[in-house]
Novice: 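Please read through the structure below; I'll follow up with questions.
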Amino acid sequence: MATRALLIQSRRHFSNGAIQNVTMVGGGLMGSGIAQVAAQAGNNVTILEVGQEQLKNAQNIIGQSLGRVAKRLHKDDPNAANKFIEETTSRIQGVTDLARSVENSDLVVEAVVENMELKHKIFKELDEAAPQKTLFASNTSSLSIAEIGSVVQRKDRFGGLHFFNPVPVMRLLEVIRTPDTSEQTHQTLMRWGKSIGKTCVTCKDTPGFIVNRLLVPYLAEAARMLERGDATAEDIDTAMKLGAGHPMGPLELLDYTGLDTGVFIMEGWHRKYPDNPLFKPVELQKKLVAQGRLGRKSGRGFYDYRKL
Ligand code: 3HC
């Protein structure tokens, strides 16, 4: 990642409009990454999780990633690197009580599993507990923002903030507005995104927004290409890295983001838009998921990571 963007992320007391206190609902890989970049930019971040074990996991993810960022920012100055890690960590706290997590919150970002019922339950409770001023956003990668926000009263203060994995490295943030999102909310979310070092783009509330709408069908076609026996996994990935300049080949990227995630997104879209051939789930990918080959996180996907 460009050092300039890292520096922006790590700049303290950077003006980010009205937002200073951020509540991160869900401390998985994406939630931890979002919490980290917000804290690096000087926000106070409260991570809400279901238990201490999950909070510990978030702390570990953030600790490892902060170590990498600190190394890059202060490679010749271990004292400055440690100070950076300590200061950023001190701005992050973990809680398991929903009402407490939003007491002083300016912005809530939700990044729990892609389950509409669960998101509705959480946002209903948040809507009752949070101050009126608090803005709400979901980091969903495939569900409709308007549908997620349908359960809250504050529809004008609800939008989408879609980050990319790994959050501390990827420079893009998609800021999604529904027909109900107010201009003021949208502008505040755009300003906040910029203040945490991201380049923001806007998209309507459409399936996959910009990146996933293009990326998911491309990744699926790479899996179909392998399924048809057109080329080997290694050659498909090499081709896209060297021929198209991508940092990862499509099958490597599917392993990185999780084959189960890919299948889940495609199945959801296919159910909603059965006539769109781009959204047709890939049999090979479904078969690998059924075998527990989910990608890097399970040790095996298209590739075998167990010996690495
Ligand atoms: N935290 C902090 N720093 C990290 C990091 C993390 N989690 N992961 C990597 N880095 C840093 C490394 O420390 C390294 O820094 P250095 O150059 O100072 O040593 C730098 O990033 C490069 O990392 P690596 O040397 O380990 O490996 P690569 O050069 O192969 O880069 C990569 C890794 C950044 C993941 C790169 O391969 C890449 O950009 N891949 C594509 C990722 C992508 O497409 N993401 C989007 C997925 S779609 C999505 O998220 C949408 C969702 O809805 C599913």
Side-chain angles (χ1 to χ4, degrees), residues 1-7 9-10 26-40 57-58 60-76 81 84-85 88 109-114 137-145 160-176 196-199 201 203 206-220 222 237-238 240-242 244-266 268-269 285 294-297 301 303 305 308:
M1 180 194 191
T3 306
R4 196 185 143 271
L6 274 175
L7 279 171
Q9 286 184 0
S10 68
L29 199 57
M30 295 303 284
S32 298
I34 299 166
Q36 178 186 334
V37 293
Q40 281 175 214
N57 181 46
N60 289 341
I61 297 171
I62 294 170
Q64 276 178 20
S65 177
L66 268 181
R68 297 172 87 168
V69 175
K71 209 165 155 191
R72 171 172 271 206
L73 278 176
H74 304 286
K75 46 179 170 300
D76 301 320
F84 164 78
I85 293 172
T88 306
V109 185
E110 167 272 319
V112 302
V113 289
E114 295 281 74
S138 173
N139 176 57
T140 182
S141 40
S142 64
L143 302 177
S144 153
I145 299 293
L161 288 173
H162 185 222
F163 288 83
F164 296 86
N165 183 27
V167 180
V169 179
M170 303 305 283
R171 295 165 65 184
L172 186 71
L173 174 60
E174 292 178 323
V175 182
I176 313 305
I196 61 167
K198 300 300 180 197
T199 297
V201 293
C203 185
T206 50
F209 316 128
I210 299 175
V211 172
N212 279 347
R213 181 63 180 262
L214 297 172
L215 189 60
V216 172
Y218 151 68
L219 298 179
D237 282 340
T238 301
M240 291 312 289
K241 282 189 282 194
L242 303 189
H246 292 187
M248 281 178 173
L251 303 174
E252 270 181 284
L253 185 54
L254 272 170
D255 273 357
Y256 185 71
T257 51
L259 266 63
D260 50 337
T261 308
V263 168
F264 181 86
I265 294 176
M266 294 284 277
W269 289 355
Q285 216 174 316
L294 309 181
R296 275 183 178 270
K297 62 185 169 191
Y303 297 100
Y305 302 91
L308 293 180

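When a ligand or atom number is given, it counts from 1 through the structure's own listing order.
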Novice: Heavy atom under 4.0 Å from ligand 1: found in Leu215's side chain, backbone, both, or neither?
Specialist: side chain

Novice: Report the relative orientation of the aromatic rings in Tyr218 and His246; use parallel for angles under 30°, tilted for 30 to 60°, perpendicular for over 60°.
Specialist: perpendicular

Novice: Using a strict cut-off of 4.0 Å, indicate which atoms of ligand 1 neighbour a heavy atom of Phe164.
Specialist: 49 (C), 50 (O), 51 (C)

Novice: Of all residues at least two apart in sequence or in a different chain, which pass the side chain to side chain donor-acceptor pair (under 3.5 Å) check with Asp260?
Specialist: Lys297

Novice: Under 4.0 Å from ligand 1, counting heavy atoms only, is it the side chain of Ser65, its backbone, both or neither?
Specialist: both

Novice: Should Asn139 and Leu161 count as side-chain neighbours, where that means a heavy-atom distance under 4.5 Å?
Specialist: no

Novice: Atom OG1 in Thr257, atom CE in Met248: separation rounded to 0.5 Å?
Specialist: 9.0 Å

Novice: Please list, in number order, the atoms of ligand 1 under 4.0 Å from a heavy atom of Leu253.
Specialist: 42 (C), 43 (C), 44 (O)

Novice: Heavy-atom distance to atom 5 (C) of ligand 1: which of Leu66, Leu73, Leu254, Val169 wins?
Specialist: Val169

Novice: Have a look at ligand 1 and work out which part of Met170, if any, has a heavy atom under 4.0 Å from it: side chain, backbone, both or neither.
Specialist: side chain

Novice: For Lys71, enumerate each residue passing the salt bridge (charged side-chain N to carboxylate O under 4.0 Å, His left out) test, keeping only those at least two apart in sequence or located in another chain.
Specialist: none

Novice: Could you tell me whether Thr257 approaches ligand 1 through its side chain, its backbone, both or neither, with non-hydrogen atoms closer than 4.0 Å?
Specialist: side chain

Novice: Heavy atom under 4.0 Å from ligand 1: found in His162's side chain, backbone, both, or neither?
Specialist: side chain

Novice: Which of the numbered atoms in ligand 1 are under 4.0 angstrom from any heavy atom belonging to Ser141?
Specialist: 53 (O)

Novice: How many angstroms lie between CG in Leu251 and CG in Asp255, if you round to the nearest 0.5 Å?
Specialist: 7.5 Å

Novice: Please name the pair of heavy atoms, one in Pro250 and one in Asp237, separated by the smallest distance, quoted to 0.1 Å.
Specialist: N-OD1, 3.0 Å

Novice: Any N/O of Thr261 closer than 3.5 Å to an N/O of ligand 1?
Specialist: no

